[in-house]
Amino acid sequence: MAAIDIDKVRILVVGDSGVGKSSLVHLVCHSEPIANASWTIGAAVDVKVHEYKEGTPSQKTYFLEFWDVGGSANHTKSRHIFFNPVHGLILVHDLTNRKSHLNLRKWLAEVLAKDSNGAKIGSNSGSEYDPERFAGSHIPILVVGTKMDQIDPRRESVLSRSSPVAEECGADEINLDCMQSKDLAAGTSKAVKFSRFFDKVIERRFFAKDPFQSVSTSSYMYTDRRRPVAPQYISKTCHQD
Ligand SMILES: Nc1nc2c(ncn2[C@@H]2O[C@H](COP(=O)(O)OP(=O)(O)OP(=O)(O)O)[C@@H](O)[C@H]2O)c(=O)[nH]1
Ligand SMILES: [Mg+2]
């Protein structure tokens with residue numbers, strides 16, 4: 001039987017413990033709500049087959065590999081081992097918990113400031129947030145707000161406001177209820193938005209004309225924030241997978 005050769009992209013899913021990362025990944029990969037969510041210890045991996053540019057002559061099948069990293073504060077020191085390589089990043093917050101949204105900045109800093117050994121890159125602390133740096137990230141980012149069903153009707157205006165974090169890092173944004181499969185049913189606006197995000201991740205990973213597209217974000221960003229150096233000068237820190 002002929003071997004099937006399908007390229008994959010690695011999408012990191014982070015956010016505070018309990019915001020619904022595992023519930024979201026399960027819904028995206030299996031089109032149904034998770035039966036029993038429990039704390040993720042370390043990281044869990046799930047895979048989805050995605051049709052890049054579906055319905056066009058460029059259509060091609062890819063694997064999306066989701067790395068759902070447990071958000072427990074107990075693992076802050078060790079979870080960096082899951083952060084590289086990263087081709088796409090989903091930042092998850094709970095719409096009923098404002099702190100979980102504010103903490104997305106910490107998650108961004110944590111993911112983008114460490115190399116695969118957990119070492120800090122550059123002089124900046126990994127917990128510092130600098131929008132200018134993140135705006136230059138070449139990694140597509142999606143901000144997802146969960147538990148939309150639990151929003152107090154008096155606070156529904158929350159849903160029409162865009163997330164400051166999403167704005168700062170140029171990310172797309174989706175709010176949903178992870179316990180409802182109809183929220184991501186084929187053809188719905190949210191399903192289309194997810195699909196566009198996945199296309200963007202694949203495009204950056206495999207088709208970007210930008211010579212820096214295959215360089216790990218951390219290497220690129222922390223070498224020089226305004227004037228990226230040519231790839232040959234950072235090849236030692238380049239991540240090849
Ligand atoms: N009502 C409602 N409950 C949700 C939603 N998303 C997640 N939950 C619930 O929130 C709880 C936590 O969800 P998880 O998916 O385990 O959260 P997590 O972010 O993976 O948490 P860690 O693995 O600890 O990092 C579970 O009881 C889920 O059923 C949602 O959109 N609506
Ligand atoms: Mg989990």
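Just so you know, residue 1 is the first one in the sequence shown, and it goes up from there. Being a predicted model, the structure only gives us computed values, none of them experimental. In each ligand, atom 1 is the first atom listed, and ligand 1 is the first ligand listed.
With sequence neighbours excluded, no residue forms a ring-ring contact (aromatic ring centres under 6.0 Å, His included) with Phe197.
Here salt bridge (Lys or Arg N to Asp or Glu O under 4.0 Å) pairs that include residues 83-92, with residues two or more places apart or in two chains, number zero.
Taking 4.0 Å as the cut-off between side-chain N and carboxylate O, Lys21 and Asp68 do not count as a salt-bridged pair. For Glu203 and Lys53, the salt-bridge test passes: some basic side-chain N is under 4.0 Å from an acidic carboxylate O. A salt bridge links Glu110 with Arg79: the distance from a Lys NZ or Arg NE/NH1/NH2 to an Asp or Glu carboxylate oxygen falls below 4.0 Å.
Side-chain contact, Asp16 with Trp107: a donor N or O sits under 3.5 Å from an acceptor N or O. Inspection of the Glu54 and Ser195 side chains reveals no N or O donor paired with an N or O acceptor under 3.5 Å.
Partner Glu65 forms a side-chain hydrogen bond (donor to acceptor under 3.5 Å, both in side chains) with one of Lys48, His87, Lys8 and no other, that one being Lys8. The only option from Asp199, Val201, Val9 that meets the side chain to side chain contact (heavy atoms under 4.5 Å, CB included) definition with Pro140 turns out to be Val201.
Protein residues having a heavy atom under 4.0 Å from any atom of ligand 1 are Asp16, Ser17, Gly18, Val19, Gly20, Lys21, Ser22, Ser23, Ala37, Ser38, Trp39, Thr40, Gly70, Gly71, Lys147, Asp149, Gln150, Leu176, Asp177, Cys178, Met179, listed by chain and number.
Each protein N/O/S atom under 2.8 Å from the Mg ion (ligand 2) was counted, for a total of 2.
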